[in-house]
Amino acid sequence: MSRLKSAKEIPIGGLIDEAGSSRKFKTGDWRSFRPLIEESKCINCMMCDVFCPEHCISVKEDGKRGEIDLDYCKGCGICANVCPVKCIKMEEEAKFIK
Ligand code: SF4
Ligand code: SF4
């Protein structure tokens, strides 16, 4: 196991000292709600993707909505809120823990 940095070794102000490192931080780790999409109702408007702060909703080659990357989905519920046909439902993450 790698040694944690001491307080003196951490950059002042918590600066990000490595470019392009955001992919390393899996924001899905602290999700307490999970978005579930009712596929039959989706009209592929992509509003969910436009407003997702993590940009974790993929777009397929044909321009239609793809899957939600749960490694990065933090469960904020913005996608459910902006979906014009209300086909995204937020479910408690605890239901999916085995
Ligand atoms: S819940 Fe938030 S982070 Fe997850 S897909 Fe929806 S908008 Fe993105
Ligand atoms: S906002 Fe709703 S209808 Fe539009 S692509 Fe996303 S899930 Fe489908």
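Residues: numbered from 1 along the sequence shown. When a ligand or atom number is given, it counts from 1 through the structure's own listing order.
- Under a 4.0 Å N-O distance rule, the pair E92/R34 does not qualify as a salt bridge.
- Closest to atom 4 (Fe) of ligand 2 among all protein heavy atoms lies C45 SG, 2.3 Å.
- Annotation for ligand 1: atoms under 4.0 Å from non-hydrogen atoms of P53 are 7 (S).
- At a heavy-atom distance under 4.0 Å, only backbone atoms of N44 (N, CA, C or O) approach ligand 2.
- For E39, the CD atom counts as densely surrounded, since its 6.0 Å shell holds more than 12 non-hydrogen atoms of other residues, nucleotides or ligands.
- Looking only at protein heavy atoms, the nearest one to atom 8 (Fe) of ligand 2 is C42 SG, 2.4 Å.
- The nearest protein atom to atom 3 (S) of ligand 1, hydrogens excluded, is given as K74 N, 3.5 Å; this is a heavy-atom distance.
- The nearest protein atom to atom 2 (Fe) of ligand 2, hydrogens excluded, is given as C83 SG, 2.4 Å; this is a heavy-atom distance.
- Using modelled atom types, one side-chain atom of K86 and one backbone atom of N81 make a donor-acceptor pair closer than 3.5 Å.
- Distance OH/Y72 to SG/C52: 12.5 Å, rounded to 0.5 Å.
- Relative to the ring axis of F96, R31 does not place its NZ or CZ within 45° and under 6.0 Å from the centre.
- Distances below 4.0 Å separate heavy atoms of I88 from the following atoms of ligand 2: 7 (S).
- Residues K64 and V59 have side chains not in contact (no heavy-atom distance under 4.5 Å, counting atoms from C-beta outward).
- The M46 neighbourhood of ligand 2 comprises atoms 4 (Fe), 5 (S), with distances under 4.0 Å to a heavy atom of that residue.
- L36 and M90 fall into different hydrophobic clusters, where Ile, Leu, Val, Met, Phe, Trp and Tyr side chains are chained together by heavy-atom contacts under 4.5 Å.
- By the criterion of a heavy-atom distance under 4.0 Å, both the backbone and the side chain of I43 are placed next to ligand 2.
- For the pair E91 and K89, the salt-bridge criterion is met [side-chain N within less than 4.0 Å of a carboxylate O].
- Interface atoms of ligand 2 facing C87, defined by a heavy-atom separation under 4.0 Å, are 2 (Fe), 7 (S).
- Using a 4.5 Å heavy-atom cutoff, the side chains of C83 and C48 are not in contact.
- Cluster membership for I78 and V50, using ILVMFWY side-chain heavy atoms within less than 4.5 angstrom, is shared.
- Those atoms of ligand 1 that come under 4.0 Å of a heavy atom in C79, given as number and element, are 1 (S), 5 (S), 6 (Fe), 7 (S).
- With ligand atoms numbered from 1 in the order given, ligand 1 contributes 3 (S), 5 (S), 7 (S), 8 (Fe) to contacts under 4.0 Å with heavy atoms of C52.
- Interface atoms of ligand 1 facing C56, defined by a heavy-atom separation under 4.0 Å, are 5 (S), 8 (Fe).
- Taking every non-hydrogen atom of V85 and a distance limit under 4.0 Å, the qualifying atoms of ligand 2 come out as 3 (S).
- Residue contact check: G75 has heavy atoms under 4.0 Å from atoms 1 (S), 4 (Fe) of ligand 1.
- Of all protein heavy atoms, the one lying nearest to atom 6 (Fe) of ligand 2 is C48 SG, 2.4 Å.
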